[in-house]
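What follows is a short report on a single structure.
Each ligand, and each atom within it, is numbered from 1 in the order the structure gives. Just the heavy atoms: all of them, side chains too, but no hydrogens, waters or symmetry mates, feed the values below.
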Amino acid sequence: MSDVFKGSFTQQEPIPEAAIAAAVEVMRSGRLHRYNTAEGEMAQTALLEQEFAAMVGSKYCLAVASGGYAMATALRAVGVKPGDKVLTNTFTLAPVPGAIAAVGAVPVFVGVTENLVIDLDDLRAKADQADVLLLSHMRGHLADMEALMAICDAAGVTVIEDCAHTMGAAWKGVPSGTQGKVGCYSCQTYKHVNSGEGGLFVTDDAEVAARAIILSGSYMLYARHAAGPPPEAFAKIRYETPNISGRMDNLRAAILRPQLQDLQTQCERWNARYYEIEKGLRDTPGLRVIERPEEETIVGSSIQFLLLDWGETKVAEVLARCAARGVELKWFGGAEPVGFTSRYDSWRYVDAPRMPASDRVLGGIIDMRVPLTFSLEDCALIARIIRAEVSAVYQAAA
Ligand SMILES: *Cc1c(COP(=O)(O)O)cnc(C)c1O
């Protein structure tokens with residue numbers, strides 16, 4: 001009888017005890033709203049913003065209700081208007097084109113390479129179509145950020161980074177989210193820190209930060225932002241910026257602060273698991289691992305590999321055989337959106353032309369979560385199962 005994996009691909013670790021204690025303290029105080037502070041008290045949310053800004057080396061930080069909210073706020077704050085086009089990745093998750101649609105703008109998809117990053121040639125070719133790129137570091141894969149910024153700077157394109165999968169990652173040592181005008185992070189349960197829902201927004205631009213703070217629902221209490229710009233930055237924009245409530249509360253911030261302290265360690269634990277799986281998959285006939293560039297500091301909270309040009313039937317067979325042995329794989333090539341996975345032609349509110357080169361890559365991307373509740377032995381077992389099932393289907397076809 002062949003091995004079966006019994007773990008859960010959606011089970012995260014518990015919230016650390018220090019975070020639970022901090023949450024209980026906030027609840028005892030009754031002051032959950034970020035602007036409800038006692039005399040001389042600094043809100044948990046303001047402290048979180050200060051600590052996250054220091055961690056990534058940004059001037060300003062704003063904590064909000066979700067990663068998707070952070071992205072929509074970033075688009076508004078840099079001046080995207082209804083009807084504007086916004087460049088974005090063809091390989092990403094639904095909240096990314098959703099953030100563009102939320103501000104009434106129109107996504108223009110840029111292709112994906114076999115290394116699962118945005119296709120810089122396609123970006124160069126489309127750079128004159130929009131003033132903004134919402135760049136999704138999908139599943140943690142960072143494009144050559146220097147080359148990307150050079151293309152965007154030359155074309156006058158403002159870059160907003162979706163760092164939902166790159167909190168803790170870096171390109172040549174520069175923290176992900178600090179190369180573009182704005183970096184947006186998610187604190188949702190399946191990302192790198194867990195407050196159920198939540199988002200973080202960083203920028204070095206005082207006016208963009210001021211707009212984002214007012215947009216998030218600060219009323220005229222913006223002076224209480226420890227990681228916000230000086231009052232002058234609000235002088236004019238406070239009259240012309242709508243309040244679109246999406247604040248973070250002190251309870252979530254309290255849960256997140258101890259997790260930020262642990263982030264580095266957690267990233268190392270993810271990477272140990274990632275490389276264990278990668279090691280087990282390497283040199284499987286017909287399967288391609290994604291080679292990670294030396295310049296990239298990765299966070300292996302998920303892993304992808306390619307079954308390039310296998311065709312729908314054989315990919316489906318691999319998925320079914322792995323599922324029968326407890327290994328839950330996701331496929332970006334499916335014609336129908338399933339669970340969290342969909343692709344650009346599933347978002348039918350966008351009139352997107354077909355992208356054959358990207359279709360070929362998307363058709364081969366297999367994706368798997370790597371929760372920290374997996375042991376290294378679990379990871380080795382998972383890799384053995386995938387290797388065996390991919391090999392069986394590959395050999396049967398040969
Ligand atoms: C989760 C996710 C988001 C959005 O984050 P939420 O906090 O769920 O709104 C954005 N982009 C990607 C790639 C994601 O995976």
Side-chain angles (χ1 to χ4, degrees), residues 9-10 12 45 48 52 61-76 86-103 105 107 109-110 112 116-118 132-143 159-169 176-177 180 182-202 212 215-216 244-249 252-253 255-256 259-260 270 298-304 330-332 337-344 346-347 350 358 362 365 367-371:
F9 283 80
T10 51
Q12 304 293 56
T45 312
L48 171 72
F52 191 71
C61 176
L62 173 68
V64 293
S66 73
Y69 182 88
M71 292 188 289
T73 301
L75 292 168
R76 284 197 179 93
V86 175
L87 297 160
T88 194
N89 304 60
T90 187
F91 174 46
T92 188
L93 286 184
V96 178
I100 297 170
V103 303
F109 295 112
V110 182
V112 58
L116 308 194
V117 296
I118 193 164
V132 175
L133 165 66
L134 178 52
L135 170 67
S136 186
H137 302 301
M138 179 61 175
R139 291 297 188 252
H141 297 274
L142 292 172
V159 178
I160 295 169
E161 297 181 68
D162 163 25
C163 303
H165 306 156
T166 55
M167 184 187 283
S176 184
V182 181
C184 303
Y185 308 79
S186 170
C187 311
Q188 192 229 81
T189 296
Y190 299 115
K191 312 298 163 81
H192 299 174
V193 288
N194 176 9
S195 56
E197 302 286 355
L200 291 161
F201 172 113
V202 300
L215 282 164
S216 77
I244 305 176
S245 283
R247 295 171 301 272
M248 183 181 280
D249 58 272
R252 284 183 188 153
I255 293 175
L256 290 170
Q259 294 183 58
L260 276 191
W270 263 305
I298 77 158
V299 182
S301 55
S302 70
I303 189 164
Q304 294 70 41
K330 289 186 242 159
W331 181 40
F332 277 86
V338 179
F340 287 104
T341 310
S342 55
R343 68 176 195 201
Y344 73 99
S346 324
W347 309 320
V350 188
S358 292
L362 289 169
I365 301 176
D367 170 54
M368 191 181 88
R369 273 201 189 107
V370 185

Problem - Partner residues of Gln188 under the side chain to side chain contact (heavy atoms under 4.5 Å, CB included) criterion, sequence neighbours left out - result: Ser186, Tyr190, Lys191, Glu197

Ligand-side contact atoms (ligand 1) for residue partner [X], heavy atom cut-off under 4.0 Å:
X      : value
His165 : 13 (C), 14 (C), 15 (O)
Lys191 : 1 (C), 2 (C), 3 (C), 5 (O), 14 (C), 15 (O)
Ser66  : 7 (O), 9 (O)
Met71  : 10 (C)
Val96  : 11 (N)
Gly67  : 5 (O), 6 (P), 7 (O), 9 (O)
Ser186 : 5 (O), 6 (P), 7 (O)

Problem - Distance from atom 13 (C) of ligand 1 to nearest protein heavy atom, with residue and atom - result: Asp162 OD2, 3.3 Å

Handout entry: Heavy-atom nearest neighbour in the protein, as seen from atom 9 (O) of ligand 1, with distance rounded to 0.1 Å
Key = Gly68 N, 2.8 Å

Where is the tightest heavy-atom contact between [X] and [Y], given as atom of each residue plus distance?
X      : Y      : result
Thr92  : Phe332 : O-CE2, 4.3 Å
Val103 : Ala72  : CG1-O, 3.7 Å
His137 : Cys163 : CD2-SG, 3.9 Å
Thr90  : Val112 : CG2-N, 3.6 Å

Practice task
Using distance alone, decide if ligand 1 has a nitrogen or oxygen within less than 3.5 Å of any nitrogen or oxygen in Gln188.
Solution key: yes

Handout entry: His137 to ligand 1, any heavy atom closer than 4.0 Å
Key = no

Practice task
Could you point out which residue of Leu362, Asn89, Ile365 forms a side-chain contact (heavy atoms from CB on, under 4.5 Å) with Leu116?
Solution key: Ile365

Practice task
Classify the angle between the aromatic ring planes of Tyr344 and Phe109 as parallel (below 30°), tilted (30 to 60°) or perpendicular (above 60°).
Solution key: tilted

Handout entry: Min side-chain heavy-atom separation Trp331-Val338 under 4.5 Å
Key = no

